[in-house]
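Accompanying notes for the structure given below.
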Amino acid sequence: QVQLVESGGGLVQPGGSLRLSCAASGSIFRINAMGWYRQAPGKQRELVADIGSDGVPNYAESVKGRFTVSRDNAKNTVYLQMNSLKPEDTAVYYCNADLQERILRPRRNYWGQGTQVTVSS
């Protein structure tokens, strides 16, 4: 069984910063990609940022220049550093991972339970 455990969400004022973490645990042979999605009330879930096994990041246009995604392969962990936060960043943030549990087995997709980020004065 694979689990994704998220941490770092909370309340912050506009212009502030938060750092989200997501650690994958369980039977893991290889993690191909990890990333972050978010969903605000009344809106579709959207990709915020992801990062492949080669370490190349990808960002939504709305967060470019403000957010940074990174990963620590030794810890099976992905991070999202969020700076210059705006009220429109308020959402539930979900961790996602595409991984293999065993060699020669198909890749599978996993989700975390979500963590609330609220930006308000």
Side-chain angles (χ1 to χ4, degrees):
Q1 290 286 326
V2 173
Q3 293 184 340
L4 303 181
V5 180
E6 300 157 321
S7 62
L11 297 169
V12 66
Q13 293 184 341
S17 298
L18 285 174
R19 184 175 176 86
L20 306 183
S21 299
C22 173
S25 63
S27 179
I28 300 173
F29 168 67
R30 176 189 295 174
I31 300 178
N32 296 290
M34 302 185 77
W36 295 92
Y37 293 72
R38 69 186 181 188
Q39 187 168 26
K43 295 186 177 181
Q44 299 271 20
R45 186 175 298 188
E46 64 176 352
L47 174 70
V48 178
D50 60 17
I51 184 167
S53 60
D54 58 1
V56 178
N58 178 58
Y59 299 98
E61 288 294 327
S62 60
V63 307
K64 284 184 177 179
R66 300 188 297 120
F67 291 10
T68 302
V69 64
S70 60
R71 63 189 288 170
D72 185 335
N73 292 331
K75 298 180 179 180
N76 291 329
T77 299
V78 63
Y79 306 94
L80 185 67
Q81 178 66 47
M82 303 185 292
N83 299 325
S84 302
L85 282 162
K86 305 174 181 179
E88 52 262 43
D89 295 318
T90 297
V92 177
Y93 284 69
Y94 297 90
C95 180
N96 177 267
D98 180 62
L99 58 83
Q100 292 175 266
E101 297 179 52
R102 288 183 62 185
I103 190 170
L104 301 181
R105 298 294 186 181
R107 290 175 290 180
R108 294 171 61 90
N109 209 48
Y110 293 87
W111 291 92
Q113 81 286 355
T115 184
Q116 178 71 46
V117 172
T118 302
V119 185
S120 176
S121 59

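Bear in mind the structure is a predicted one, so any value in this text is a computation, not a measurement.
A side-chain donor-acceptor contact under 3.5 Å links E6 to the backbone of G114. Within the 3.5 Å criterion, the main-chain N or O of D98 finds no donor-acceptor partner in the side chain of R107. Side-chain N or O atoms of T90 include one that pairs as donor or acceptor with a backbone N or O of V119 at under 3.5 Å.
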Inset, instruction - Check step by step if side chain to side chain contact (heavy atoms under 4.5 Å, CB included) holds for D89 and F67. - result: CA-CA 11 Å; D89 295 318; F67 291 10; 3.9 Å; yes
Legend entry - Residue pair T118, V12: steps toward the side chain to side chain contact (heavy atoms under 4.5 Å, CB included) verdict: CA-CA 6 Å; T118 302; V12 66; over 6 Å; no
Inset, instruction - Report the C-alpha distance between Y93 and M82 in whole Å, list the side-chain angles of each, state the deciding distance to 0.1 Å, and finish with yes or no for side chain to side chain contact (heavy atoms under 4.5 Å, CB included). - result: CA-CA 12 Å; Y93 284 69; M82 303 185 292; 3.9 Å; yes
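Residues A40 and A91 come closest through the heavy atom pair N-CB, 3.9 Å. Considering all non-hydrogen atoms of both residues, K43 and Q39 come closest at O-NE2, 3.3 Å. Here the closest heavy-atom approach between residue G10 and residue L18 is recorded as O-CD1, 3.9 Å. Nearest heavy-atom pair across S84 and S17 is N-OG, 4.4 Å. Closest of all the heavy-atom pairs between P14 and S120 is CD-C, 3.6 Å. Shown here for P57 and G55, the closest heavy-atom pair between the two residues is CD-O, 3.4 Å.
Put simply, CG on N109 and CG on N32 are 10.5 Å apart, with the number rounded to the nearest 0.5 Å. Atom CZ of R105 sits about 12.5 Å away from atom CZ of F29, to the nearest 0.5 Å. To the nearest 0.5 Å, the span separating CD on Q44 from OH on Y37 amounts to 13.0 Å. Separating the OG atom in S70 from the CD1 atom in I51 is a distance of 6.5 Å, to the nearest 0.5 Å. We find the CG-OG distance between L20 and S7 to be 8.0 Å, quoted to the nearest 0.5 Å. Rounded to the nearest 0.5 angstrom, Q100 CD and S27 OG are separated by 11.0 Å.
A side-chain donor-acceptor contact under 3.5 Å links R71 and N73. Between the side chains of D72 and T77, no donor N or O sits under 3.5 Å from an acceptor N or O. Remark: the Y110 side chain and the E101 side chain contain an N/O donor-acceptor pair separated by less than 3.5 Å.
The closest side-chain heavy-atom distance from L80 to T68 is not below 4.5 Å. Proximity of D50 to W36: side-chain heavy atoms (C-beta onward) are nowhere separated by under 4.5 Å.
Around CD of Q3, the count of heavy atoms belonging to other residues, nucleotides or ligands within 6.0 Å does not exceed 12.
Grouping the Ile, Leu, Val, Met, Phe, Trp and Tyr side chains by contacts below 4.5 angstrom, directly or via other members, places V92 apart from L4.
Taking the centre and axis of the six-membered ring of Y94, the NZ or CZ atom of R38 falls outside the cone set by 45° and 6.0 Å. For the pair R19 and Y79, the cation sits on the ring face: its NZ or CZ lies under 6.0 Å from the ring centre, inside 45° of the axis.
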